[in-house]
Structures are given as C-alpha cells and as structure tokens.
Amino acid sequence: TSVIDASNYPYSVPQALNVNGALHVYRLKDGGKARSDINRTVLTWSNETTDDEAIVWPGSETADYGAVVLEDEGGTHVVWSKAGKVLSDSEANLEDVSANMDLAYAYLPAGSDTFTNQTMIVTMDGMDMMPAITKTASGLKVAFVHSDDGPFAQTQDLYIISYDGTTWGE
C-alpha cells in the first residue's frame with residue numbers, strides 16, 4: 001500500500017477507473033482558503049500520466065459532493081451532487097445546504113486531460129443526491145434520490161434522468 005494523496009477531504013469516497021491501462025482517481029478535496037468554509041469541497045481528478053490533479057469544473061465556486069464515474073469508448077462521464085449556489089458561512093447548517101443540493105455533469109473525452117460539457121443537469125427545489133450512472137442503447141441514464149423535506153425525511157423519491165448525447169431530459 002502507498003499514500004497517493006494526504007489531503008483527501010474527510011468522508012470523501014474516492015472513485016477509481018482503469019482508462020486504457022491508466023488509473024484515474026476522482027475525489028473531493030479541500031479547495032483551500034480561496035473558498036469559504038461551507039464551499040470548500042472541490043471535485044478533482046488525476047491519472048498516472050499527469051503530475052498534477054485537476055479540478056473537474058474549474059472556475060466553479062460552489063461546493064461539490066459525492067461523485068460517480070462511468071467510462072465508455074468515447075471517454076469518462078462524471079455525475080455529482082453540487083451546491084446550486086454559493087452558500088454563505090452563515091448558511092452552514094444541514095437544512096440550508098441540503099435545500100441547495102443539485103446534480104452536475106462533466107465529460108472527459110478519451111485521450112484528453114480537460115473536462116468539457118460541465119453543466120447542472122438537475123436543479124429541482126430540495127435535495128438531489130446519491131446519483132448512479134449507466135449507459136443504455138438510448139444514451140446515459142442517471143438515477144438519483146430527491147427529497148423536498150431535507151435529509152431526514154421518512155421517505156425520499158427516486159428519479160431517473162436521461163441524456164441522448166445532446167439533451168438532458170426525462
């Protein structure tokens with residue numbers, strides 16, 4: 001065993017892919033002092049062919065949460081929970097954070113070190129979280145959990161959103 005990074009964000013679940021024989025690792029990191037405390041988590045990735053890690057959505061100032069990844073013949077798809085707005089540290093409670101949790105998507109073309117197509121794919125009021133992604137004959141499918149009543153609701157709704165290569169929709 002060996003340490004590949006000593007600054008992983010607490011409770012971050014890394015995602016790993018074998019892409020053409022190279023290990024790609026996705027994880028949440030502390031974005032540093034440039035971000036406020038509540039917006040600090042940033043989704044990054046690295047591979048064995050680059051010396052540095054990169055931010056999946058450069059320039060975004062909102063907090064990132066748990067990601068899932070899927071590789072296909074054209075590249076890598078990433079879906080993750082992301083704050084729908086920059087939160088102030090005074091909003092640093094679970095209800096305010098969860099009320100602004102949406103889903104984001106980005107694509108890394110095969111052979112590239114730069115993500116493209118970064119976009120918010122689900123922006124419903126409430127909390128959108130725990131995405132799962134797969135590819136079908138008709139395109140990508142993302143299943144996720146949604147709650148209008150916050151993280152402690154007795155029941156939460158399960159949704160599916162589709163991507164046909166051009167548009168996200170039902």
Side-chain angles (χ1 to χ4, degrees), residues 1-35 39-86 100-124 128-146 158-170:
T1 63
S2 62
V3 174
I4 63 168
D5 184 1
S7 61
N8 201 56
Y9 200 79
Y11 311 109
S12 171
V13 177
Q15 298 286 311
L17 287 177
N18 176 346
V19 178
N20 298 322
L23 174 66
H24 285 208
V25 177
Y26 295 80
R27 65 199 170 278
L28 294 176
K29 295 200 63 169
D30 184 333
K33 300 282 184 199
R35 291 173 155 219
N39 295 291
R40 258 195 156 143
T41 53
V42 60
L43 181 61
T44 65
W45 79 285
S46 61
N47 67 41
E48 295 173 325
T49 63
T50 58
D51 293 332
D52 297 317
E53 65 191 346
I55 296 172
V56 173
W57 194 334
S60 173
E61 297 178 358
T62 61
D64 296 325
Y65 307 100
V68 293
V69 294
L70 173 73
E71 178 192 10
D72 67 17
E73 63 282 349
T76 303
H77 306 271
V78 182
V79 176
W80 70 102
S81 293
K82 184 170 192 55
K85 69 175 188 173
V86 174
N100 291 289
M101 193 178 294
D102 296 326
L103 292 183
Y105 167 84
Y107 179 68
L108 180 67
S112 176
D113 287 334
T114 304
F115 271 89
T116 63
N117 298 349
Q118 295 96 331
T119 189
M120 301 301 285
I121 61 172
V122 177
T123 58
M124 296 189 297
D128 304 310
M129 61 183 179
M130 296 187 284
I133 186 171
T134 192
K135 187 170 183 177
T136 68
S138 61
L140 297 177
K141 303 282 185 190
V142 175
F144 64 97
V145 173
H146 173 81
L158 180 63
Y159 282 80
I160 294 179
I161 187 170
S162 301
Y163 183 63
D164 62 10
T166 305
T167 306
W168 286 96
E170 295 181 18

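Below, all heavy atoms of this structure are taken into account, side chains as well, without hydrogens, waters or symmetry copies.
- Separation of atoms OH (Y159) and CE (M124) is listed at 4.5 Å; rounding is to 0.5 Å.
- Residue I160 places its CD1 atom among 12 or fewer non-hydrogen atoms of other residues, nucleotides or ligands, all under 6.0 Å distant.
- With rounding to the nearest 0.5 angstrom, the CG atom of L140 is 8.5 Å from the OG1 atom of T134.
- When the side-chain contact (heavy atoms from CB on, under 4.5 Å) test is applied to S60, the partners found at least two apart in sequence or on another chain are W57, T62, K82.
- Counting all heavy atoms, side chain and backbone alike, P131 lies closest to S81 at CD-OG, 4.2 Å.
- Closest heavy-atom contact between M120 and A104: SD-CB, 3.9 Å.
- Although no hydrogens or angles enter the test, the distance criterion places a donor-acceptor pair under 3.5 Å between the side chain of Y107 and the main chain of G74.
- What you find for L158 and A143 is that their closest heavy atoms are CD1-CB, 4.4 Å.
- The shortest heavy-atom contact between A67 and V78 is CB-CG1, 4.2 Å.
- Inter-residue side-chain proximity for F144 and I121 is flagged as unmet; no heavy-atom pair is nearer than 4.5 Å.
- Nearest heavy atoms, A106 versus V56: CB-CG1, 3.7 Å.
- Within 6.0 Å of CD in E61 there are 12 or fewer heavy atoms belonging to other residues, nucleotides or ligands.
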Given Y105 and V142, is the side-chain contact (heavy atoms from CB on, under 4.5 Å) satisfied, shown in steps?
CA-CA 10 Å; Y105 167 84; V142 175; over 6 Å; no

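- With rounding to the nearest 0.5 Å, the separation of CD1 in I55 from CG in L43 is 9.5 Å.
- For V19, the side-chain contact (heavy atoms from CB on, under 4.5 Å) criterion is met by L17, H24, E71, T76, not counting sequence neighbours.
- How far NE2 of H146 is from CG of L103: 10.5 Å, rounded to the nearest 0.5 Å.
- Residues passing the side-chain contact (heavy atoms from CB on, under 4.5 Å) test with T166 are D164, sequence neighbours excluded.
- Going from atom CE of M101 over to atom CG of D64 covers 11.0 Å, rounded to the nearest 0.5 Å.
- Taking CG of D113 as the reference point, atom OG of S46 lies at 10.5 Å (rounded to 0.5 Å).
- L108 approaches S112 most closely through the heavy-atom pair CD1-O, 3.4 Å.
- Between W45 and F115, the closest side-chain pair of non-hydrogen atoms falls below 4.5 Å.
- Between the side chain of T44 and the main chain of R27, a donor-acceptor pair closer than 3.5 Å is present.
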